[in-house]
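Only one structure is covered here, and it is reproduced in the block below.
Lettering follows sequence order; numbering is per chain, from 1. Nothing here was measured: the structure is a model prediction, and the numbers come from that model.
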Protein chains: 2
Amino acid sequence: MSEILENKPAVFSTIADTVCSKLQNAIVEGIIPAGSKISEPALAIEFGISRGPLREALSRLEACNLIERTPNVGARVVSLTPQHLVEIYLIRESLEGLAARMAAENMSDKEINELDELLEKHQQQIKQDQSYYQKEGDMDFHFQIVKGSKNSHLIDMFSNDLYHLIRLYRYQFGMVSNRVQRAFIEHGHIVDAIRQRDGELAQFLMSRHISSSRKNVEKMLDEHLTITD
Amino acid sequence: MSEILENKPAVFSTIADTVCSKLQNAIVEGIIPAGSKISEPALAIEFGISRGPLREALSRLEACNLIERTPNVGARVVSLTPQHLVEIYLIRESLEGLAARMAAENMSDKEINELDELLEKHQQQIKQDQSYYQKEGDMDFHFQIVKGSKNSHLIDMFSNDLYHLIRLYRYQFGMVSNRVQRAFIEHGHIVDAIRQRDGELAQFLMSRHISSSRKNVEKMLDEHLTITD
DNA sequence: TATGTGTTAATTGTCGACAATATTGATGAT
DNA sequence: ATCATCAATATTGTCGACAATTAACACATA
């Protein structure tokens, strides 16, 4: 974990902002490994900044649950447990179900069309390059729905907290899902429900969609654990 | 807003911690009024600390949505809109419904008994001193259910974010609810469902319980708005 | 009077140094 | 050899000062 500071245009005004953003990516992509300790002096030198803005960045990382801090001891990158992953899936079932319902009520026709375009783009990607779709494309879709809910607090929770954690888990566990095709179809049905302004149906479909993912993950974890343990 | 720094035992290790906690209360209770600008130098002097730990405290307040910061400009106490309040109620319907279901699955018998004792304590308070129950007692109950879910991320979301916002709104809008008696009864039914380990019912009852509150709030806001506007 | 501009003042962002706490390693006793 | 104690080291928490940016104000102009 040495070259964290390059690439990414990201034109933020304050140092803490840009460093926070870079650290988010570094953690999510595993460049800074899970469970590893974070040394403030070392990181400050690596970024060529003082510890002031670095600590502010760390505060935000703590807020989005990417690191854990203990007073007078320091910060560690969060280490993920399967149990915690399931917890997050359960929350998503509930919260994104709500998001889908509200999206059906509040999205503009234009936004719904854009959702369609997104799905079409995904279909292309699935044919050529499955890996990208699994890692990021699926997230794009879910994020769009959440934004479509127009519930600012919901959007906030998602983008400051769940979004990064979900990405982290996906990179961490690799999740070469056998559900890619199936998930894509379910996405289509959800958009259909939203277009028909059927909030209840959209909620039900979204909730079940994530629930299926959860059960799939639980199954994979079970199998893996019974092998290794 | 002058004597913010006294009272409350709260033995935290770091200055940022204790100041953050004090500011949370000061904002929630309206000692620092909603929408007001926060001056770092002024607050630092008032607390007798430097701006370093103060800024860390502010970061956390931003994370729990009690203040809003704009780079190079400063921080303001969040100003509440009825619309935003409804957004939060919708999130609670969803999230606390989940919490109730998981509580029915995961709470120990001992914890359920403690819930009962809490309800009994509330009954006393309603008879004598309605105001406390409305402001804090109701919150206690909901918090216990969330904790009972044993879903650490859910607990986290509630205690770092929603909890303070809900208290803030309650202090802000005063909410002399006509639903106190009704709400208390509903709490009882929820506990019954949890004791019977009927997760689905607990979820349904909790969701509807909060939904009723929301509709009540919407009605009151409607009436108030049609008078003032 | 209203509006735009430039200067001053105030506030936020950043830095480096010091104090307080925790970790590490060595030393000695059981 | 194991464990406890203590010194040395490193890390985090806090502070005060400086730099960069924004807000406030006076002044000139239409």
Pull out every protein N or O sitting under 3.5 Å from an N or O of nucleotides 12-18 of chain C, one pair per line with the distance.
{"unit_1": "C:dT12", "atom_1": "OP1", "unit_2": "B:Lys37", "atom_2": "NZ", "d": "3.0"}
{"unit_1": "C:dT12", "atom_1": "OP1", "unit_2": "B:Ile38", "atom_2": "O", "d": "3.3"}
{"unit_1": "C:dT12", "atom_1": "OP2", "unit_2": "B:Glu40", "atom_2": "N", "d": "3.3"}
{"unit_1": "C:dG13", "atom_1": "OP1", "unit_2": "B:Asn72", "atom_2": "N", "d": "3.3"}
{"unit_1": "C:dG13", "atom_1": "OP2", "unit_2": "B:Arg55", "atom_2": "NH1", "d": "2.4"}
{"unit_1": "C:dG13", "atom_1": "OP2", "unit_2": "B:Arg55", "atom_2": "NH2", "d": "3.0"}
{"unit_1": "C:dG13", "atom_1": "N7", "unit_2": "B:Arg51", "atom_2": "NH2", "d": "2.8"}
{"unit_1": "C:dG13", "atom_1": "O6", "unit_2": "B:Arg51", "atom_2": "NH1", "d": "3.0"}
{"unit_1": "C:dT14", "atom_1": "OP1", "unit_2": "A:Thr14", "atom_2": "OG1", "d": "3.3"}
{"unit_1": "C:dT14", "atom_1": "OP1", "unit_2": "A:Ile15", "atom_2": "N", "d": "2.6"}
{"unit_1": "C:dT14", "atom_1": "OP2", "unit_2": "A:Thr14", "atom_2": "OG1", "d": "3.0"}
{"unit_1": "C:dC15", "atom_1": "OP2", "unit_2": "A:Ser50", "atom_2": "N", "d": "2.9"}
{"unit_1": "C:dC15", "atom_1": "OP2", "unit_2": "A:Ser50", "atom_2": "OG", "d": "3.2"}

Flag for A:His153-B:Glu87: side-chain donor and acceptor within less than 3.5 Å: no
Distance-only donor-acceptor check, side chains B:Arg69 and B:Ser59, under 3.5 Å: yes
Distance-minimising heavy-atom pair for A:Pro33 and A:Ile31: CD-O, 3.5 Å
Salt bridge flag under 4.0 Å for residues B:Arg170 and B:Asp138: yes
Check: B:His187 ring centre within less than 6.0 Å of B:His142 ring centre: yes
